[in-house]
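Both ligands and their constituent atoms are indexed starting at 1 by order of listing. What you see is a predicted model; the values in this text were computed from it and never measured.
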Amino acid sequence: MKIAIGCDHGGIVLKDAVIRAITDLGMEYEDFGTYTDASVDYPDYAEKVGRSVAAGEADRGVLLCGTGIGISIAANKIKGIRAAHVTDAFQAEMCRAHNDANVLAMGGRVNSPEDAYNFTKIFLTTAFQGGRHLRRVEKISALEK
Ligand code: RB5
């Protein structure tokens, strides 16, 4: 599985932990930046990662900003993206099991690198349950038309 990752200056503190989780799982990643703590605009990174996932170039995405909020709002503007802003392990599991989220968003001013490592692993290893949840996810997709 290939994972697209992106962050702004507020989320970069979590990037190493996310990369470690991905590589510990034996997965590949593409890092769309940012690469320093200089101030940047999070929608630019949401767009790069969101377009990569929506195009099928990456299987899933991980986005990081200060809160996880702005970068998830931006990513969710891209057709085909279901970005989940996650702050605990239960949300990391449920966004996959029930919502078939394809992008995980977290905040560098909200959660620790240890949290980010654990949430990323859960997000990347939890399967969508389908069934009644598929009907609901299809209704989300219908809202894009
Ligand atoms: C940048 O200061 C901050 O606004 C951004 O990282 C994010 O928290 C926005 O939602």
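Between V62 and Y29 the shortest side-chain heavy-atom distance does not fall below 4.5 Å. Residues M27 and T23 fail the side-chain proximity criterion, which asks for heavy atoms closer than 4.5 Å. Residues N118 and K121 form no side-chain contact, since every pair of their non-hydrogen atoms from C-beta on lies 4.5 Å or further apart. The shortest side-chain heavy-atom distance between L64 and K15 falls under the 4.5 Å cut-off. Residues S141 and R82 meet the side-chain proximity criterion, which asks for heavy atoms closer than 4.5 Å. Using a 4.5 Å heavy-atom threshold, the side chains of V40 and Y45 count as touching.
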Between ligand 1 and the protein, which N/O pairs fall short of 3.5 Å?
from     : atom 1 : to   : atom 2 : distance (Å)
ligand 1 : 2 (O)  : R109 : NH1    : 3.3
ligand 1 : 6 (O)  : D8   : OD1    : 3.4
ligand 1 : 6 (O)  : D8   : OD2    : 2.6
ligand 1 : 6 (O)  : G66  : N      : 2.7
ligand 1 : 8 (O)  : G66  : N      : 3.3
ligand 1 : 8 (O)  : T67  : N      : 3.0
ligand 1 : 8 (O)  : T67  : OG1    : 3.3
ligand 1 : 10 (O) : T67  : OG1    : 3.2
ligand 1 : 10 (O) : G70  : N      : 2.9

